[in-house]
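Notes for the one structure printed next.
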Amino acid sequence: MVHRQRSGARLSPSSDTEDTTDMGMLLAPRLAHFAGVARTEHVTRAAQEMNVPQSTLSRAMARLEQDLGVDLFARHGRTVPLTPAGRTFLTSVERALAEVRRAADEVRADADAATGKVAFGFLHTMGAETVPALLHAFRADHPRVRFGLVQNHGEAMLEGLRAGQLDLCLTSPVPDAPDLVARRLDEQKLRLVVPADHRLAGRRRVRLAEAAEETFVTLEPGYGLRRITDALCQEAGFRPRVAFEGEEAETLRGLVAAGLGVALLPPPTVPRPGVVELAVTAPRAVREIGVAWLADREDTPPVAAFKKFLLSRRGTLLPD
């Protein structure tokens, strides 16, 4: 179908083709007005329904046609039926406006104090027990708040905060960055995990320096627990010889059980056969767990409520 172009139409002051983004920004404020006039086929009636001055609406429609370069309305007295070009344009405009309304409804729903949504990140090691217990306790008073849960390592979660993908995250080490706010909530003892037939397996406690000649299995570089492991070993006077690097603590326990090395890990949720977990007496082997969020971002009511709840769990975040 060929649409008649208006004489004197201007799509761009400097070129024959308008940049798509600029055209979208140019047209967007007028789309709802166009849909209202198209629905009623009457400028006066549309102006009354939308509570807009008729002169304003008439000028907006004339400018819209000028910017597009085509006639959208056929003027017949007081009525303004759509031209073929107008009907084509209306189909897409209605679809676009419906999508905007859907998006607006979604973000309003996510911000609702009673039924809103919290995007919450946490470490893999906290997924089996700590986080489910936290959510159960929080929802006792906020039963309809929804959660989007993300398990990842610390650096990835901090990037998620910065990208607007997360509202809050539980991470370790507690970050110190100017664009973030972080609060220490608890600390978790780390243990030296050795195979059940290891030379140290009969012990209950060990100095980390006693494992200086051992082969270690660790998380990959970039994980907070890996940085803590490297720092503790350095404090104990050695650099760990790493044979295997993984992404998940329980996988590392499996490697230890198979006799492939030793590891510094937080306590397991359920005891793992084939390994012995030794308390480390020196240096002090712990990791701090904290909650972090993006500075200067205003919280929605459900995020504010969950943040307050997490901060109330200082010192009691982790199971004994």
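Below, all heavy atoms of this structure are taken into account, side chains as well, without hydrogens, waters or symmetry copies. For clarity, every value in this text was computed on a predicted model and none was experimentally measured.
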Quick one: do [X] and [Y] end up in the same hydrophobic cluster if we chain Ile, Leu, Val, Met, Phe, Trp and Tyr together by side-chain heavy atoms under 4.5 Å apart?
{"X": "Val276", "Y": "Leu260", "answer": "yes"}
{"X": "Leu219", "Y": "Leu123", "answer": "no"}
{"X": "Leu170", "Y": "Met157", "answer": "yes"}
{"X": "Leu185", "Y": "Leu135", "answer": "yes"}
{"X": "Leu149", "Y": "Ile289", "answer": "yes"}

side-chain contact (heavy atoms from CB on, under 4.5 Å) assessment of Leu225 paired with Ser172: CA-CA 7 Å; Leu225 186 56; Ser172 178; over 6 Å; no
Ion pair check, [X] and [Y], cut-off under 4.0 Å:
{"X": "Glu94", "Y": "Arg87", "value": "no"}
{"X": "Arg102", "Y": "Glu106", "value": "yes"}
{"X": "Arg239", "Y": "Asp230", "value": "no"}
{"X": "Arg314", "Y": "Asp186", "value": "no"}
{"X": "Arg63", "Y": "Asp67", "value": "yes"}
{"X": "Arg272", "Y": "Glu277", "value": "no"}

Exercise answer: donor-acceptor pairs, residues 192-201 side-chain atoms, under 3.5 Å, sequence neighbours excluded:
| residue | atom | partner | partner atom | Å |
| --- | --- | --- | --- | --- |
| His198 | ND1 | Leu200 | N | 3.0 |
| His198 | NE2 | Glu214 | OE1 | 3.0 |
| His198 | NE2 | Glu214 | OE2 | 3.1 |
| Arg199 | NE | Glu214 | OE2 | 3.0 |
| Arg199 | NH2 | Glu210 | O | 2.8 |
| Arg199 | NH2 | Glu214 | OE2 | 3.0 |

If the plane angle is over 60° it's perpendicular, under 30° parallel, otherwise tilted; pick one for Phe120 and Phe122.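 Geometry flag for Phe122 against Phe120: tilted rings.
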Would you check if there is a donor-acceptor pair between the side chains of Glu245 and Thr218 at a distance under 3.5 Å?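 The criterion, which ignores hydrogens and geometry beyond distance, is not satisfied for Glu245 and Thr218.
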Among residues at least two apart in sequence or on other chains, which ones pass side chain to side chain donor-acceptor pair (under 3.5 Å) with Asp110?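 For Asp110 the side chain to side chain donor-acceptor pair (under 3.5 Å) partners, ignoring immediate neighbours, are Arg146.
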Please evaluate residues Val150 and Leu166 with respect to the criterion side-chain contact (heavy atoms from CB on, under 4.5 Å), reporting the C-alpha separation (whole Å), side-chain torsions for both, the decisive distance (0.1 Å), and the verdict. CA-CA 8 Å; Val150 175; Leu166 293 175; 3.8 Å; yes
Going through the checks in order, is the side-chain contact (heavy atoms from CB on, under 4.5 Å) test met by Phe216 and Cys233? CA-CA 11 Å; Phe216 276 72; Cys233 290; 4.2 Å; yes
Distance (rounded to the nearest 0.5 Å) between Arg297 CZ and Leu180 CG: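 Answer rounded to 0.5 Å: 9.5 Å.
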Donor-acceptor pairs under 3.5 angstrom involving side-chain atoms of residues 45-52: please list them, not counting sequence neighbours.
| residue | atom | partner | partner atom | Å |
| --- | --- | --- | --- | --- |
| Glu49 | OE1 | Arg39 | NH2 | 3.3 |

Other residues, nucleotides and ligands only: do more than 12 of their heavy atoms fall within 6.0 Å of CG on Asp176?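 Counting neighbours around CG of Asp176, 12 or fewer heavy atoms of other residues, nucleotides or ligands fall under 6.0 Å, so no.
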Qualifying residues under salt bridge (Lys or Arg N to Asp or Glu O under 4.0 Å), relative to Glu213, sequence neighbours excluded: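 Listed in chain order: nothing, the list is empty.
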Stepwise, does the side-chain contact (heavy atoms from CB on, under 4.5 Å) test hold for Arg183 with Lys307? CA-CA 11 Å; Arg183 297 288 184 266; Lys307 180 190 293 184; over 6 Å; no
Decide yes or no for Arg191 and Val280: does some side-chain heavy atom of the first lie under 4.5 Å from some side-chain heavy atom of the second?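 A side-chain contact is absent here, since even the closest heavy-atom pair is not under 4.5 Å.
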Considering only residues two or more places apart or on different chains, which pairs with a residue in residues 154-170 satisfy side chain to side chain donor-acceptor pair (under 3.5 Å)?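 Every pair satisfying side chain to side chain donor-acceptor pair (under 3.5 Å) with a residue in residues 154-170: Glu159-Arg162, Arg162-Asp179.
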For residues 89-109, which residue pairs qualify under ring-ring contact (aromatic ring centres under 6.0 Å, His included), counting only residues two or more places apart or in two chains?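 Applying ring-ring contact (aromatic ring centres under 6.0 Å, His included) to every pair that reaches into residues 89-109, excluding sequence neighbours, yields Phe34-Phe89.
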Candidates Arg184, Met126, Gln188 - the one meeting side chain to side chain contact (heavy atoms under 4.5 Å, CB included) with Leu317: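 Only one of Arg184, Met126, Gln188 forms a side chain to side chain contact (heavy atoms under 4.5 Å, CB included) with Leu317, namely Met126.
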For residues Phe147 and Phe306, establish whether the separation of their ring centroids is below 6.0 Å.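 Yes, the ring centres sit under 6.0 Å apart.
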